[in-house]
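Dumping the structure here so I can ask a few things about it.
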Amino acid sequence: MTDRSVRPGSNVSKPTLLCLTTLRHRRFVEDVINIVGLPNGAHVRLRYNKAYVSQAVWQEVQRAALPDALVLVALGASSEVGSNAVAPLRTGRIVHATCQGQLLVLDVALSDYAYESFPEGIFWPELRSKASGLPEHFRSAERAPGNYVELIEAPLTAFVTSASVDAWEIVAQRVLTLDDLLHGEAVCIPFLYHLTGLPPRMQATLDSKGALTVDSGASVACDLHSLTRKQGGILRNPIGEVVLELSHTSATFVTTRRLRVDSSRDVKRLQMFTSTLFRRAHGHLSLRLIEFRAPAAVADTEGVLECLTPGEDRAKAVVARYDFPLVVGRWRPVVASLGLALSSALLAWDAPDAGASFQQSLIVPGTVGLLAFLALALGFWKEGGS
């Protein structure tokens with residue numbers, strides 16, 4: 001049966017803004033991990049030095065005239081013997097693009113996963129046939145000049161897109177393969193994650209604003225996946241964990257907030273509750289990917305993989321982090337504020353005396369109710385407006 005979630009790669013009515021990245025620098029590694037792991041709608045910031053941006057794209061951004069293009073993020077790697085491999089990762093759309101000094105800053109809202117529609121190796125030759133000035137290699141030991149950001153007018157056909165977990169598995173496995181190609185045994189990415197299954201209304205807000213918005217007094221559940229290389233010892237000594245932390249006074253986890261990576265493939269269900277409020281409360285939800293590293297004294301011990309390593313003997317390294325803006329309170333604070341304002345108005349209302357008009361008797365309670373509502377509304381009006 002054909003998977004209807006799979007779509008052709010490039011929209012023929014739009015050009016493609018190609019954004020190449022590598023695993024040469026820790027910042028790039030963190031970008032790749034989050035690009036692969038975050039749900040649709042999340043915003044990521046890509047930064048490129050002017051020397052690696054095509055002149056046409058730089059000028060379009062300076063004029064604030066960058067075309068409405070499909071953003072395609074692709075990862076490149078090269079072996080020491082000169083073999084190049086480039087894989088598509090994710091599609092998206094430009095939220096904001098600026099030239100700041102010698103940097104091109106692209107804020108991208110993530111969309112579907114992208115992977116090669118033909119056997120591996122076809123995507124890179126197609127890119128080179130439709131864009132000039134691309135880098136010749138992606139080896140970490142030497143610089144590779146070229147255009148890492150390029151606007152491609154011709155449609156690309158060597159990749160397809162999908163938002164499914166199957167697509168994430170394909171892309172994640174390809175990233176791990178390229179990490180192996182570039183770094184050999186000294187890999188940069190220990191494992192990859194995927195946050196998915198957000199409630200529809202929450203996902204819709206993330207798609208439109210890049211932030212998570214939850215009703216007050218609500219329960220929210222999602223799934224957290226992990227994928228890593230198959231390796232010995234992982235069942236006894238986990239290689240890391242994905243941890244979610246709330247910096248919010250109105251939300252709390254009622255299930256585990258971490259996924260321990262002790263198998264090559266896993267998934268856990270996460271759930272949090274929010275408090276009932278009369279105002280919107282702002283904070284953030286942090287997601288951290290942590291690698292466990294044994295101290296040198298333990299790592300040199302013979303047979304360390306055959307025994308359990310106590311948690312206090314593990315060194316922890318944060319490989320990647322992402323902070324979601326989190327807002328608690330949608331329509332419920334408005335309804336609660338209206339109810340409280342109406343109650344205040346009723347308490348201030350007196351029946352009109354003989355000869356007095358009914359309309360005049362509403363002036364005082366109406367004013368009291370309006371002022372009460374406006375005072376409460378300060379909590380859910382947009383903050384920071386001028």
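Residue indices begin at 1 and follow the sequence shown.
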**Request:** For the residue pair Val214 and Leu326, establish whether any side-chain heavy-atom pair is separated by less than 4.5 Å.
**Result:** yes

**Prompt:** If only atom types and distance count, is the side chain of Thr274 paired as donor or acceptor with the main-chain N or O of Gly217 below 3.5 Å?
**Reply:** yes

**Carboxylate-amine/guanidinium contact Arg45 Asp31, below 4.0 Å** = no

**Item:** Any donor-acceptor pair under 3.5 Å from Asn49 side chain to Ala51 backbone
**Value:** yes

**Asked** Do any N or O atoms from the side chain of Glu116 and from the backbone of Phe123 form a donor-acceptor pair under 3.5 angstrom?
**Response** yes

**Asked** Are Val171 and Phe28 co-members of a hydrophobic cluster defined by side-chain heavy atoms under 4.5 Å apart?
**Response** no

**Asked** Transitively linked via ILVMFWY side-chain contacts under 4.5 Å: Val105 with Val61?
**Response** no

**Asked** So which heavy atom on Cys19 is nearest to which on Val71, and how close?
**Response** SG-CG1, 4.1 Å

**Prompt:** Could you give the distance from CG (Leu195) to CG (Asn34), rounded to the nearest 0.5 Å?
**Reply:** 11.0 Å

**Message:** Closer than 3.5 angstrom, by distance alone: can the side chain of Lys130 be matched with the main-chain N or O of Pro155 as a donor-acceptor pair?
**Reply:** yes

**Prompt:** Should we count NZ of Lys268 as having more than 12 external heavy atoms under 6.0 Å?
**Reply:** yes

**Asked** Using a distance-only test with no angle check, is there a side-chain donor-acceptor pair under 3.5 angstrom linking Arg143 and Tyr52?
**Response** yes

**Side-chain H-bond candidate by donor/acceptor type, Asp166 with Tyr113, under 3.5 Å** = no

**Item:** Salt-bridge criterion met for Asp68 and Arg93 (N-O under 4.0 Å)
**Value:** no

**Request:** Give a yes or no answer on whether the side chain of Gln271 reaches the backbone of Ala221 with a donor-acceptor pair at less than 3.5 Å.
**Result:** no

**Request:** Could you walk me through whether Leu212 and Thr205 pass the side-chain contact (heavy atoms from CB on, under 4.5 Å) test, one step at a time?
**Result:** CA-CA 6 Å; Leu212 299 175; Thr205 306; over 6 Å; no

**Gap between atom CG of Leu110 and atom OG1 of Thr91 - 0.5 Å precision** = 8.5 Å

**Request:** Taking all heavy atoms of Gly240 and all of Phe292, pick out the closest pair and write down the distance.
**Result:** N-CD1, 3.5 Å

**Item:** Shortest non-hydrogen separation from Ala42 to Leu206 and the atoms involved
**Value:** N-CG, 4.0 Å

**Item:** Pro135 side chain reached by Leu20 side chain, heavy atoms, under 4.5 Å
**Value:** yes

**Asked** What is the minimum heavy-atom distance between Glu150 and Asn147, and which atoms define it?
**Response** OE1-ND2, 3.3 Å

**Request:** Before giving the answer on side-chain hydrogen bond (donor to acceptor under 3.5 Å, both in side chains), spell out for Arg269 and Thr255 the whole-Å C-alpha distance, their side-chain angles and the decisive distance to 0.1 Å.
**Result:** CA-CA 8 Å; Arg269 190 71 168 168; Thr255 62; over 6 Å; no

**Request:** Please check if Val95 and Val73 belong to a single hydrophobic cluster, counting links between Ile, Leu, Val, Met, Phe, Trp and Tyr side chain heavy atoms closer than 4.5 Å.
**Result:** no

**Request:** Determine, stepwise, if the pair Thr22 / Tyr148 fulfils side-chain contact (heavy atoms from CB on, under 4.5 Å).
**Result:** CA-CA 10 Å; Thr22 68; Tyr148 285 71; 4.0 Å; yes

**Prompt:** Measuring from Ser78:OG to Leu182:CG, what's the distance to the nearest 0.5 Å?
**Reply:** 7.5 Å

**Message:** Tell me if the centroids of the rings in Tyr322 and His284 come within less than 6.0 Å of each other.
**Reply:** no

**Request:** Could you tell me whether the side chain of Val267 reaches within less than 4.5 Å of the side chain of Leu224, counting heavy atoms only?
**Result:** no

**Prompt:** Okay, side chain of Asn40, backbone of Ala163: is any donor-acceptor separation there less than 3.5 Å?
**Reply:** no

**Item:** Asp266 and Arg260 ion-paired at < 4.0 Å
**Value:** no

**Message:** Are Ile33 and Ile189 packed together at the side-chain level, in the sense that at least one heavy-atom pair is separated by less than 4.5 angstrom?
**Reply:** yes

**Prompt:** Linking I/L/V/M/F/W/Y whenever any side-chain heavy atoms sit under 4.5 Å apart, do Val319 and Leu178 land together?
**Reply:** yes

**Prompt:** Between Leu17 and Leu70, does a side-chain contact (heavy atoms from CB on, under 4.5 Å) hold up when you go through it step by step?
**Reply:** CA-CA 6 Å; Leu17 183 66; Leu70 173 76; over 6 Å; no

**Side-chain heavy-atom pair Ser54, Val149 within 4.5 angstrom cut-off** = no

**Prompt:** Can you find a pair of side-chain heavy atoms, one from Leu151 and one from Pro67, that are under 4.5 Å apart?
**Reply:** yes

**Prompt:** Would you say Arg90's side chain and Ser111's backbone share a donor-acceptor pair under 3.5 angstrom?
**Reply:** yes

**Message:** Any side-chain to backbone donor/acceptor pair from Arg257 onto Leu270? Under 3.5 Å, distance only.
**Reply:** no

**Request:** Drop me the distance from Glu241's CD to Leu244's CG, to the nearest 0.5 angstrom.
**Result:** 11.0 Å

**Fill in**
Correct closest heavy-atom pair for Ala144 and His137 would be CB-O, 3.1 Å

**Request:** State plainly whether one hydrophobic cluster holds both Val254 and Val220, where clusters connect Ile, Leu, Val, Met, Phe, Trp and Tyr through side-chain heavy atoms under 4.5 angstrom apart.
**Result:** no

**Message:** Quick check against the 3.5 Å criterion: does Asp323 have a side-chain atom that pairs as donor or acceptor with the backbone of Leu287?
**Reply:** no

**Asked** Would Arg174 and Leu89 count as a side-chain contact (heavy atoms from CB on, under 4.5 Å) if you check the C-alpha gap in whole Å, the side-chain angles of each, and the deciding distance to 0.1 Å?
**Response** CA-CA 9 Å; Arg174 188 72 171 126; Leu89 301 182; 6.0 Å; no

**Asked** Does a side-chain heavy-atom distance below 4.5 Å link Leu38 with His43?
**Response** no

**Qualifying residue, where the test is side-chain contact (heavy atoms from CB on, under 4.5 Å) with Asp179 and the options are Val187, Leu192, Val32** = Val187

**Request:** Check for a donor-acceptor pair, side chain of Trp168 on one end and backbone N or O of Tyr193 on the other, with a separation under 3.5 Å.
**Result:** yes

**Item:** Contact summary for Leu18 and Ala74, nearest pair of heavy atoms
**Value:** CD1-CB, 4.2 Å

**Prompt:** Salt bridge or not for Glu291 and Lys316, using N-O below 4.0 Å?
**Reply:** no

**Prompt:** With a 4.5 Å heavy-atom cut-off, do Thr213 and Pro325 have their side chains touching?
**Reply:** no

**Request:** Kindly say whether the aromatic ring centers of Phe138 and Trp124 come within a distance under 6.0 Å.
**Result:** yes

**Item:** Residues Glu30, Arg26; criterion salt bridge (Lys or Arg N to Asp or Glu O under 4.0 Å); working and verdict
**Value:** CA-CA 6 Å; Glu30 183 174 16; Arg26 176 168 180 169; 5.8 Å; no

**Asked** Take atom CZ in Arg128; do more than 12 heavy atoms of anything else shown fall under 6.0 Å from it?
**Response** yes

**Message:** Rounded at 0.5 Å granularity, tell me how far CG in Leu227 sits from CD1 in Ile170.
**Reply:** 11.5 Å

**Salt bridge present between Glu169 and Arg265 (N-O < 4.0 angstrom)** = yes

**Prompt:** Looking at CD of Gln100 and CG of Leu103, how far apart are the two atoms once the value is rounded to the nearest 0.5 Å?
**Reply:** 7.5 Å

